[in-house]
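Throughout, numbering of the chain's residues begins at 1 and tracks the sequence.
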Amino acid sequence: MQAWQVHQLGEPSQVMQLQDVERPVPGEGQVLLKVRAANINFPDVLMCRGHYQVRPPLPFTPGVEICGETEDGRRVLANPALPHGGFAEYAVADAAALLPAPDTLDDAEAAALHIGYQTGWFGLHRRARLEAGETLLVHAAAGGVGSAAVQLGKAAGATVIGVVGGADKVAVARELGCDVVIDRRTQDVIAAVKEATGGRGADVIYDPVGGEAYTQSTKVVAFEGRIVVVGFASGSIPSPALNHALVKNYAILGLHWGLYGTNSPKLIQHCHEQLTELAARGAIKPLVSERVPLGGGAAAVQRVGDGVTTGRVVVVPSLENGAAA
């Protein structure tokens with residue numbers, strides 16, 4: 001089979017190599033899956049660079065989220081067991097952790113429903129306890145993680161403010177349903193949020209960016225507000241001033257979705273049921289901006305790493321090489 005292999009760490013476009021390799025052999029409790037679609041996540045970029053908390057042995061195949069097909073023909077969502085990741089024709093995954101792919105979504109959309117939407121659901125509902133009528137601020141609202149949070153916030157009855165970078169991403173955020181969109185490249189984010197909320201600020205802030213975005217969040221969080229720290233796509237990890245959190249009376253909440261699979265696997269299943277129901281009634285639908293063939297995998301992962309994509313970019317092995325759809 002063909003698979004993207006990383007033999008040394010660095011930028012994805014430089015270290016990912018498409019090679020002919022043997023199909024992975026499932027271990028105890030694992031199943032072999034034909035990859036129907038593999039969604040690109042920022043952790044795939046970080047793994048190539050050697051900056052992620054999970055460091056698979058070299059060589060490895062990136063790709064942490066797929067829609068796959070079992071030997072008996074079932075469409076399932078899975079997190080491949082590294083080092084045999086999803087940017088390949090076949091992958092292996094833990095049988096007990098497979099989730100049924102929603103019938104209302106195609107392969108690429110289904111692949112993108114898993115990590116980003118589960119992270120959003122746990123962040124907004126389990127950690128921040130978002131309530132209808134509250135104001136939700138989402139940084140990088142046009143990206144893969146942010147777009148999921150926007151849709152989930154709207155589905156929960158929140159007023160959603162999206163922060164994006166660039167006119168093209170402004171248009172995407174509006175289409176996603178943001179009530180207010182702020183272009184950080186041309187607007188003062190802090191002033192714009194205060195204006196949009198009558199000076200009160202946002203009740204919940206969803207931050208997959210870190211760095212300057214986190215600093216802005218602390219200046220616009222409402223009384224009893226909650227800042228959900230999801231990731232650091234900016235590459236800068238902030239150091240919270242806890243005296244500021246005390247004086248302004250807000251909470252800083254960390255979210256590591258992967259821990260739920262170990263500590264509360266039943267909640268993963270419950271979350272998937274909730275997401276499937278929301279997808280069935282059209283309340284959420286992953287924004288897939290690009291479907292690329294397997295041969296375009298390295299370049300696509302690099303684009304995600306460079307922050308120039310919107311929504312989700314998904315590798316679809318069945319597409320002919322060069323025939324992105």
Side-chain angles (χ1 to χ4, degrees), residues 4-18 37-56 60-65 85-87 108 111-112 115-116 119 138-150 162-173 175-176 181-186 189 206-214 216 229-238 286-316 319 321-322 324-325:
W4 285 98
Q5 294 262 282
V6 174
H7 290 268
Q8 61 184 28
L9 302 178
E11 287 301 303
S13 61
Q14 298 175 7
V15 300
M16 289 177 62
Q17 300 177 18
L18 188 59
N39 181 43
I40 299 174
N41 286 269
F42 200 67
D44 297 315
V45 178
L46 295 178
M47 235 178 282
C48 289
R49 294 171 177 168
H51 296 166
Y52 196 55
Q53 57 259 38
V54 176
R55 297 193 178 189
F60 68 88
T61 296
V64 297
E65 177 178 48
F87 301 145
I115 297 175
T119 298
V138 180
H139 289 286
V145 173
S147 61
V150 168
V163 178
V164 299
D168 55 336
K169 295 187 177 183
V170 167
V172 170
E175 291 175 7
L176 286 166
V181 182
I182 300 169
D183 186 347
R184 59 178 172 79
R185 294 182 181 175
T186 60
V189 173
Y206 193 80
D207 180 15
V209 179
E212 179 62 21
Y214 177 82
Q216 293 167 347
V229 178
V230 183
F232 311 104
S234 67
S236 175
I237 300 176
L287 171 62
V288 177
S289 59
E290 294 181 68
R291 292 170 170 83
V292 301
L294 186 59
V301 175
Q302 186 66 56
R303 289 198 300 277
V304 172
D306 292 341
V308 297
T309 60
T310 58
R312 288 299 191 183
V313 180
V314 183
V315 176
V316 182
L319 287 175
N321 196 30

Show the numbers, then the answer: is there a side-chain contact (heavy atoms from CB on, under 4.5 Å) between I115 and F42? CA-CA 11 Å; I115 297 175; F42 200 67; over 6 Å; no
[X] side chain vs [Y] backbone, donor-acceptor pair below 3.5 Å:
X: R184; Y: V189; answer: no
X: D207; Y: G210; answer: yes
X: S13; Y: A298; answer: no
X: S289; Y: T310; answer: yes

Can you tell me how far [atom2] of [Y] sits from [atom1] of [X], rounded to the nearest 0.5 angstrom?
X: L9; Y: M47; atom1: CG; atom2: CE; result: 11.0 Å
X: I237; Y: Y214; atom1: CD1; atom2: OH; result: 13.0 Å
X: Q14; Y: R49; atom1: CD; atom2: CZ; result: 10.5 Å
X: R312; Y: S147; atom1: CZ; atom2: OG; result: 6.5 Å
X: Q5; Y: F60; atom1: CD; atom2: CZ; result: 9.5 Å
X: M16; Y: E11; atom1: CE; atom2: CD; result: 12.0 Å

Where do [X] and [Y] come nearest, in terms of heavy atoms and distance?
X: A300; Y: V292; value: CB-CG2, 4.0 Å
X: G295; Y: W4; value: O-CZ2, 3.4 Å
X: D44; Y: G63; value: OD1-N, 3.0 Å
X: G165; Y: D168; value: O-OD1, 4.4 Å
X: V164; Y: A142; value: CG1-N, 3.7 Å
X: P293; Y: V315; value: O-CG1, 4.0 Å

Quick one, F87 and V6 - any side-chain contact, counting heavy atoms below 4.5 Å?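 They are not in side-chain contact.
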Verify the neighbour count for atom CD of Q8: are there more than 12 heavy atoms of other residues, nucleotides or ligands below 6.0 Å?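 Result for CD/Q8: open.
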Pairing of E290 and R303 as salt bridge, 4.0 angstrom limit: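 R303 and E290: salt-bridged.
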Looking at V308, V304, T309, which hits side chain to side chain contact (heavy atoms under 4.5 Å, CB included) with D306?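 Answer to the side chain to side chain contact (heavy atoms under 4.5 Å, CB included) test with D306 among V308, V304, T309: V308.
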